[in-house]
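Each ligand, and each atom within it, is numbered from 1 in the order the structure gives. All heavy atoms count here, side chains included; hydrogens, waters and symmetry mates do not.
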Amino acid sequence: MFDVQKVRAQFPILSQTVNGKPLVYFDNGATAQKPQVVIDAISKYYSEINANIHRGVHTLSQLATDAYEVSRNTIQTHLNAKYPHEIIFTSGTTQGINLVANGFAAIVKSGDEVMVSALEHHSNIVPWQFLCEKTGAKLVVIPMNDKGELILSEYERLLSDKTKIVAVNHISNALGTVNPVKYIIAKAHKVGAAVLIDGAQATPHLRPDVQDLDCDFYVFSGHKVCGPTGVGILYGKESWLNQLPPYMGGGEMIKEVTFEKTTYADLPHKFEAGTPNIAGGIVLGTAIDYLNEIGFDNIAKYEQELLDYGTKRLLEIEGITIYGTGENKASVISFNIEGIHPYDIGTIIDKLGVAVRTGHHCAQPIMNYFNIPGTIRASFAFYNTKEEIDIFVEAVKKAQLMLS
Ligand SMILES: *Cc1c(COP(=O)(O)O)cnc(C)c1O
């Protein structure tokens, strides 16, 4: 049975006070808090086995290498990838997307098309713009409707044999929309396009099955799944990873180096130049194990309750507009209150101990679509409670009174 109080007791930060009030942390879309097992695993790594991986014959180096590879296997199993070498450690979602977009410069030609959606985070827009600038390809955008859902009929109309890659998020960080990625992938494959799924916002809420989705690439960040910052994962199908050129040159990614010619290491090392975030990589496995122990079915069910309750309570507030009202949503509520700047609400409720994000959430095109400067975003995790939602709603009401 899922017991939220038991879960909360595993997160030391949640018992803090902020500005003299109990912390209500609703900024999980930006980064998740860390359970004690993750904090302990970081300390254990540096206290007991710190050494560089893949280089030494000495015992600590072997222990560190083994732990790093165990984590790779954990993530392979978690994503249901076919091979462990399809799992590339990166510094995060942003680097994973840049790695793939950079590699596609060897594939995309002038006149080809690269497709993103109206719902993307800047890190799933800008690297593709770089690619288009470099190659002369055209950036094509799948539009969305007023509910914040992608318009699939338009998507299908825009697809053609010019489309080389489609890059969309699994869940929108700004609105919470869950995109029908399996459908999007199948349609793209019909025209021979590859698909990259930005799973940064999905992986805290669900367990993706990359073989079932049949995506070509799937990226996410450690810090949003209760793991450390500075580490993330790029999953890529073996055939694609073999085809793409390396992203960074350096140590660990080569077979043989002469001044005339360098040959590259096999997967996954070809994409893992230099000393990585070793502790981060190992502890990401700890975080994924932790989430699987709680169980993604429990997480999804409980977060849906929080979403329903939070939506219902917020709608009591006069003058509120919720952005992102699609059928299929994660536990993210983006909203504004008539006549009040989102930043002002965020500042006042912080004084009351409530942490939310305000602004454009790295998704300015979405804000432009709604013609707003930004929103207030409350994003719930499995360790949040309905009591916290009550505190948050009362704080927003208080701020509204003060500001109007
Ligand atoms: C957070 C986020 C990113 C960027 O992740 P980083 O950890 O900053 O690299 C990209 N896309 C989405 C949907 C996100 O939520």
Side-chain angles (χ1 to χ4, degrees), residues 26-34 38 75 88-102 116-130 141-142 144 148-150 166-181 184 195-206 208 213 215 217-235 247-248 271 276-277 280-281 283-284 287-288 303 323-324 326 328-334 355-367 374-375 377-381:
F26 283 173
D27 195 17
N28 297 288
T31 201
Q33 297 303 345
K34 318 305 172 197
V38 163
I75 290 150
I88 311 293
F89 283 107
T90 63
S91 66
T93 301
T94 302
Q95 195 186 42
I97 298 170
N98 275 278
L99 186 159
V100 175
N102 186 74
V116 297
S117 91
L119 277 175
E120 298 314 310
H121 187 285
H122 295 163
S123 59
N124 202 25
I125 300 174
V126 183
W128 304 110
Q129 289 174 325
F130 288 170
V141 183
I142 310 163
M144 68 173 183
E149 297 167 318
L150 296 181
V166 176
V168 293
N169 61 42
H170 199 161
I171 294 182
S172 157
N173 65 304
L175 304 180
T177 313
V178 182
N179 288 314
V181 289
I184 288 172
V195 182
L196 176 140
I197 302 297
D198 171 356
Q201 210 61 231
T203 38
H205 305 295
L206 54 85
L213 291 175
C215 53
F217 304 99
Y218 196 100
V219 293
F220 68 96
S221 295
H223 69 97
K224 290 184 181 172
V225 292
C226 300
T229 53
V231 66
I233 294 297
L234 161 66
Y235 157 82
Y247 178 51
M248 292 198 296
F271 292 108
N277 180 352
V283 177
L284 177 53
I288 294 289
E303 287 180 346
Y323 304 94
N328 211 350
K329 263 189 76 170
S331 51
V332 173
I333 309 178
S334 229
V356 291
R357 181 145 182 221
T358 65
H360 56 61
H361 317 299
C362 300
Q364 281 180 353
I366 298 178
M367 304 303 131
T375 69
R377 182 188 69 183
S379 45
F380 310 131

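Looking at every heavy atom in both residues, Ser117 comes nearest to Val168 through CB-CG1, 3.9 Å. Annotation for Ile197 and Cys215: closest pair CG1-CB, 3.9 Å, computed over non-hydrogen atoms.
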Which protein N or O atoms sit under 3.5 Å from any N or O of ligand 1? Give each pair with its distance.
unit_1   : atom_1 : unit_2 : atom_2 : d
ligand 1 : 7 (O)  : Ser221 : OG     : 2.7
ligand 1 : 7 (O)  : His223 : NE2    : 2.7
ligand 1 : 9 (O)  : Thr94  : N      : 2.9
ligand 1 : 9 (O)  : Thr94  : OG1    : 2.6
ligand 1 : 11 (N) : Asp198 : OD1    : 3.3
ligand 1 : 11 (N) : Asp198 : OD2    : 2.5
ligand 1 : 15 (O) : Gln201 : NE2    : 2.5
ligand 1 : 15 (O) : Lys224 : NZ     : 2.7

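Between His122 and His360, the ring-plane angle classifies as tilted under the 30° and 60° cut-offs.
In terms of modelled atom types and a separation under 3.5 Å, the side chain of Thr177 and the main chain of Gly148 share a donor-acceptor contact. Put simply, the side chain of Lys224 never gets that close to the backbone of Gly222: no donor and acceptor are under 3.5 Å apart.
Taking the side chain as every heavy atom from C-beta outward, Leu206 and Ile171 approach each other to under 4.5 Å.
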